[in-house]
Amino acid sequence: MFVDSHCHLDRVDLSAHGGDFAAMMDQAGQDGVSRMLCVSIDLEHYPAMRALVDPYTEVLVSVGVHPSEQQGLEPSVADLVKLASADARVVAIGETGLDYHYNEGDLDWQRERFRRHIQAARDCGKPLIIHSRDAREDTISILRDEKAARVGGVMHCFTETWEMAQAALELGFYISFSGILTFKNAEALSDVARQVPLERLLIETDAPYLAPVPHRGKKNEPRFLPLVAEKIAEIRGLDPAEVAAVTARNFERLFLHAKGGNEMLGGAS
Ligand SMILES: [Zn+2]
Ligand SMILES: [Zn+2]
């Protein structure tokens, strides 16, 4: 059974399923994806996202505003804590972090927003989902500064260096790999994926983005997650079932047994 540690179910293209969300979810289940974390990127779409996944108890959610989001509501620490602590299905704060690739100019607002998310995570005792792109040093130094190690979390869709992975591991963070690992030019990233301790490894689709080979460039769905597990298995000389099992256990440890107390949702395979 595979656990997708990061996807955006409210954005998945349903045309391959006749526009039927239930059919898309059913297909993911049939392909072995037994649990998913549906990640928030803004507050405007959050209520609809939360309602969409409500009937699916295998889907957990996060609350947060993406670092590249510039149009919508700016969340206060209190906004985030309120949404996260009132709802047992919320197991994380994010995605948050820094993105210097898609954003230019004075990015103080982005760093401030990142700090508020870390404070909220500490206030409610839930782990962080970190998005970091071309911002290695600032990401790590803000995580240290705001004492993110107290709650931990995941560096999602990791594409950075082994040095950055090590710094995140030292802070107690997990490293999650996406379909990018299956792309042709991913040798350096494969080296990182080979070195991350197995007990800190997670896998994700980041659907609807970043579909793994052979679906690269097309719409991604959680059902393609086994392709990411197979790639990691190949890189590390393991059986895909072992990768599935270890990443499922890691997911459970990080998100379902967090200090904030989501034990009530734990125990599933
Ligand atoms: Zn992201
Ligand atoms: Zn994402």
Side-chain angles (χ1 to χ4, degrees), residues 3-11 35-43 45-47 49-50 52-54 56-67 69 75-98 113-132 139 142-143 146-158 168-169 171-178 200-207 222 225 247-266 268:
V3 176
D4 191 347
S5 75
H6 189 117
C7 56
H8 303 280
L9 293 174
D10 54 333
R11 303 184 147 223
R35 186 173 253 166
M36 305 162 204
L37 176 44
C38 182
V39 175
S40 161
I41 59 159
D42 64 28
L43 295 186
H45 295 93
Y46 177 77
M49 179 192 95
R50 178 66 186 84
L52 178 71
V53 304
D54 195 59
Y56 301 88
T57 53
E58 72 275 28
V59 179
L60 301 157
V61 301
S62 72
V63 171
V65 177
H66 192 284
E69 189 57 48
S76 67
V77 174
D79 292 337
L80 295 166
V81 170
K82 191 176 172 204
L83 284 167
S85 28
D87 183 350
R89 292 273 287 278
V90 177
V91 297
I93 299 294
E95 55 184 290
T96 183
L98 300 174
R113 180 188 289 172
F114 184 24
R115 288 179 189 277
R116 285 198 302 279
H117 279 75
I118 301 172
Q119 286 159 19
R122 286 179 41 194
D123 284 357
C124 63
K126 293 182 200 280
L128 286 152
I129 299 168
I130 306 295
H131 170 112
S132 179
T139 300
I142 290 176
L143 286 173
E146 299 292 340
K147 302 184 170 50
R150 290 192 189 166
V151 287
V154 56
M155 310 302 290
H156 111 85
C157 191
F158 195 79
L169 289 165
L171 289 167
F173 276 69
Y174 290 64
I175 310 289
S176 179
F177 293 95
S178 68
R200 295 289 194 86
L201 198 64
L202 291 171
I203 52 175
E204 65 177 79
T205 57
D206 204 7
L225 183 64
T247 52
R249 273 202 303 277
N250 293 344
F251 181 92
E252 205 167 306
R253 191 185 318 116
L254 174 61
F255 292 114
L256 303 181
H257 302 292
K259 284 187 199 118
N262 284 294
E263 281 81 359
M264 58 179 289
L265 293 168

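Quantities reported herein were computed from a predicted structural model and do not represent experimental measurements. All residue numbers refer to positions in the sequence shown, counting from 1.
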query = So does Arg11 have more than 12 non-hydrogen atoms from other groups sitting under 6.0 Å from CZ?
reply = no
inquiry  = Val90 vs Leu83, test: side-chain contact (heavy atoms from CB on, under 4.5 Å). Steps then yes/no.
reply    = CA-CA 8 Å; Val90 177; Leu83 284 167; over 6 Å; no
ask   = Are any side-chain N or O atoms of Ser5 and backbone N or O atoms of Leu202, one a donor and one an acceptor, separated by less than 3.5 Å?
value = no
remark   = Output for pair (Leu201 CG, Ser176 OG), nearest 0.5 Å, gives 8.0 Å
query = Between SG of Cys157 and CZ of Phe177, what distance do you get to the nearest 0.5 Å?
reply = 10.0 Å
task = Given side-chain contact (heavy atoms from CB on, under 4.5 Å), test Glu95 with Leu128 step by step and report yes or no.
result = CA-CA 7 Å; Glu95 55 184 290; Leu128 286 152; over 6 Å; no
query = Is any side-chain N of the basic residue among Glu58 and Arg35 closer than 4.0 Å to the acidic one's carboxylate O?
reply = no
ask   = Considering only heavy atoms from C-beta outward, does the side chain of Val3 approach that of Thr247 to under 4.5 Å?
value = no
key: Partners passing ring pair (Phe, Tyr, Trp, His ring centres under 6.0 Å) against His6 (at least two apart in sequence or in another chain)   = His8, His156
key: Check against side-chain contact (heavy atoms from CB on, under 4.5 Å), Ile41 and Tyr46   = CA-CA 8 Å; Ile41 59 159; Tyr46 177 77; over 6 Å; no
remark   = With Val154 as partner, the option from Ile175, Asn250, Leu254, Leu37 fulfilling side chain to side chain contact (heavy atoms under 4.5 Å, CB included) is Leu254
ask   = Ser62 versus Val91: any side-chain heavy-atom pair under 4.5 Å?
value = no
ask   = Side chains of Ser178 and Asp206: is there a donor and an acceptor less than 3.5 Å apart?
value = no
inquiry  = Donor-acceptor check, side chain of Arg115 to backbone of Glu146, threshold 3.5 angstrom: yes or no?
reply    = no
task = Quick one: do Val65 and His117 satisfy side-chain contact (heavy atoms from CB on, under 4.5 Å)? Show the steps, please.
result = CA-CA 9 Å; Val65 177; His117 279 75; 4.2 Å; yes
ask   = Between CZ of Phe114 and NE2 of His131, what distance do you get to the nearest 0.5 Å?
value = 11.0 Å
ask   = Between atom CD1 of Ile93 and atom SG of Cys124, what is the distance when rounded to the nearest 0.5 Å?
value = 4.0 Å
